[in-house]
Every structure is written in C-alpha cells, then in structure tokens.
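First up is the structure itself, then whatever we jot down about it.
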Number of protein chains: 2
Amino acid sequence: MTIDPRSHTPVYVQLAELLRQRIESGELTPGSALPSEARLTQEYGIGREAVRMAISLLRSEGLVVTVRGHGSYVRAAPERRRVELPPGAAVVARMPSGNERRAMQLDEGVPVLEVRGPEGDVEVLPGDEVELTRPPS
Amino acid sequence: MTIDPRSHTPVYVQLAELLRQRIESGELTPGSALPSEARLTQEYGIGREAVRMAISLLRSEGLVVTVRGHGSYVRAAPERRRVELPPGAAVVARMPSGNERRAMQLDEGVPVLEVRGPEGDVEVLPGDEVELTRPPS
DNA sequence: ATCAATTTGTGCGTATGTATA
DNA sequence: CTATACATACGCACAAATTGA
C-alpha cells in the first residue's frame with residue numbers, strides 16, 4: 001500500500017491507516033518506536049504536518065504515545081485490574097479534561113470511567129487500567 | 001484573562017482553557033457556534049495554527065464538534081439511556097478506531113464501552129449515550 | 001442554476017524552543 | 001557541546017464544503 005495525494009481521503013488519514021495496520025499486524029510491537037517524523041516525511045513523500053496529524057490521530061485513539069525529543073512508540077496498554085461495580089451504582093465513560101488528564105497521569109486517548117455510587121458519591125477511574133465487573137448472580 | 005505568548009504554557013493550551021471556561025460558564029451554550037478561526041486569530045492576536053490546535057484539543061475532549069465549511073459548535077451531549085450490566089459481565093472503556101467511529105457515527109472525543117458477557121459475547125456501546133447500571137441488591 | 005462570501009481542511013515553508021541521547 | 005527529534009508558532013496558498021443572495 002502507498003499514499004495517494006490525489007485521493008479524496010486526506011493524506012494524514014491514509015498514513016494513519018498504514019501505521020495502524022503495521023501496529024495491528026504485529027510489525028510494530030508494543031513499546032517499539034515508530035519511524036521518526038523526518039523519516040516518514042521522506043519515505044512517503046508527504047509534508048510534516050500530515051505526518052504529525054497522522055501520529056496525533058493514533059495518539060488520540062490511545063494507540064501510540066509520543067515522547068518529546070525522543071520519538072513515538074506503540075503504546076503498551078497496562079494490565080487491567082478488575083473493579084466490581086457496586087450494587088446500585090451507575091457508570092459513564094467520557095474523556096478527561098486537560099487538568100484531569102494531567103492529574104491522573106493518563107496518556108492521550110485514554111477515557112475515564114465515572115462511577116456514581118447509590119449515595120451519590122463519585123469516583124473517577126482510569127479507563128485503561130480497570131475492567132468493571134458484575135459478579136454472576 | 002488574556003493570552004501571554006511568553007508564558008511557558010503553549011498559546012493553544014491557553015486559548016483552549018479560555019474557550020473551555022466560556023463553555024462551562026454558560027456563555028457558550030450547547031449548540032451555539034464558537035467564533036470562527038479567523039475571528040479568534042484576530043481577537044487574540046495569534047496564528048491560525050494555534051487556534052486550530054486549541055479547537056482540536058476541545059474536540060478530542062468531546063466538548064465541541066466541527067463542521068467543515070460551517071464552524072465549530074459546543075457539543076450537546078445526547079440523553080443517556082440506562083443499560084443494565086448483566087450478571088457475570090465485564091466492561092472496559094476505550095477510544096474507537098477511525099473506522100469504528102465512523103461506523104457508529106460517533107463524534108470525536110467520544111469513547112466506547114465494550115461489554116463482554118459471561119458467554120464471551122461482546123457488545124460495543126456508544127460511550128456518550130449510555131449509562132451502565134447495576135441494580136441495588 | 002450560478003455565484004460569491006464565509007469557514008474549515010490540507011499542505012508547504014520557515015523559525016525557534018525544548019527534551020533527549 | 002552537538003546532534004537528533006519532537007513541540008510550538010507564524011505565514012501563505014489553495015481546496016472543499018456550506019450558506020445565502
């Protein structure tokens with residue numbers, strides 16, 4: 001697969017799909033580095049902004065993390081601990097605000113789970129570290 | 001509040017915070033349009049890229065939606081329907097892939113809930129439309 | 001059915017700052 | 001200290017979508 005600048009799908013979306021394939025196919029394993037922006041720019045003959053938007057897209061999906069001055073890496077999702085949803089509780093999923101994200105030290109593209117207990121108490125959990133369960137009856 | 005180009009916090013983050021305040025304060029109500037990129041550029045004396053990155057940030061948080069050729073709007077979150085998490089089920093939150101997002105017609109910055117039933121069956125729910133509940137015991 | 005105005009999308013070039021190796 | 005790499009920010013240009021005259 002290559003990139004077609006004349007396609008109606010944006011160059012950066014095409015590149016994101018290519019990189020996504022290389023990640024999901026296992027060619028790029030969790031923890032491994034993506035090619036640098038400069039390399040991607042040269043190899044695909046596209047502009048830097050397209051490269052950065054593609055990586056930004058993957059970042060917002062939680063697929064990669066970018067370390068400034070170092071590079072972008074395939075994100076290794078942490079182990080999920082099981083958390084039991086208490087009886088009478090309700091939970092919604094949403095994206096954290098910027099402050100919230102920094103406070104909880106969440107990577108980009110990671111949602112939070114907002115659990116409201118029966119007493120109205122609220123708990124916010126990192127969406128990539130927990131699996132909410134309800135025990136069998 | 002104004003924008004300080006000399007601050008160590010990026011201009012686009014400062015603008016995003018300003019806009020976030022204007023949304024949360026109710027000055028910009030759900031459904032109303034944000035100022036155009038050109039207006040924000042002029043009013044704050046910053047470049048278009050900073051404006052676009054600020055809006056992109058708010059979009060990735062699910063706060064605004066952008067319609068090409070029209071403008072950016074404060075996102076009106078839909079009503080949440082209550083969905084009961086079945087006994088023996090588990091749920092994780094994550095961001096949808098690009099294809100998934102388009103297929104489910106989700107706005108940017110909206111996570112999905114992946115519910116795994118006790119039989120291993122999987123259901124993916126739009127994260128902005130459901131509230132998962134566990135009935136009181 | 002056109003046309004023009006507005007607005008966002010894409011792309012390129014350039015410069016400077018900051019973090020890492 | 002230097003080189004590399006990503007981050008921020010500005011400018012300009014043109015494409016594409018929407019709206020309304």
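In the text below, chain A, chain B and the rest are named by the order of the sequence lines, each starting its count at 1.
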N or O in side chain of B:Arg48 less than 4.0 angstrom from D:dC10 OP1/OP2: no
DNA chain C: 5'-proximal contact among B:Glu49 and B:Pro35 (nearest heavy atom): B:Pro35
State whether A:Arg52 places a side-chain N or O below 4.0 Å from either non-bridging phosphate oxygen (OP1 or OP2) of D:dA7. yes
B:Arg68, nearest nucleotide to its side chain (from C:dG11, C:dT8, D:dT18): C:dT8
Regarding B:Gly69, tell me which of base, sugar-phosphate or nothing describes its non-hydrogen contacts under 4.0 Å with the strands shown. base
Nearest to the side chain of B:Pro10, which nucleotide is it out of D:dA9, D:dC6, C:dT8? D:dA9
Tell me whether B:Thr29 contacts the main-chain N or O of B:Ser32 through its side chain, where contact means a donor paired with an acceptor under 3.5 Å. no
Are the side chain of A:Thr41 and the backbone of A:Glu37 linked by a donor-acceptor contact shorter than 3.5 Å? yes
Nearest-Å distance, CE (A:Met53) to C1' (D:dA9)? 16 Å
Please give, in whole Å, the distance from C:dT18 C1' to A:Glu37 CD? 14 Å
Between A:Arg80 (side chain only) and A:Val130 (backbone N and O only), is there a donor and an acceptor less than 3.5 Å apart? yes
Write down the distance between NE2 (B:His70) and P (D:dA15), rounded to a whole number of angstrom. 23 Å
Is any side-chain N or O of B:Tyr12 closer than 4.0 Å to OP1 or OP2 of D:dA9? no
Under a 3.5 Å distance rule, please check whether A:Glu131 uses its side chain to pair with a backbone N or O of A:Arg81 as donor and acceptor. no
Among the nucleotides C:dG11, D:dC10, C:dT8, whichever has the atom closest to the side chain of B:Ala50 is D:dC10
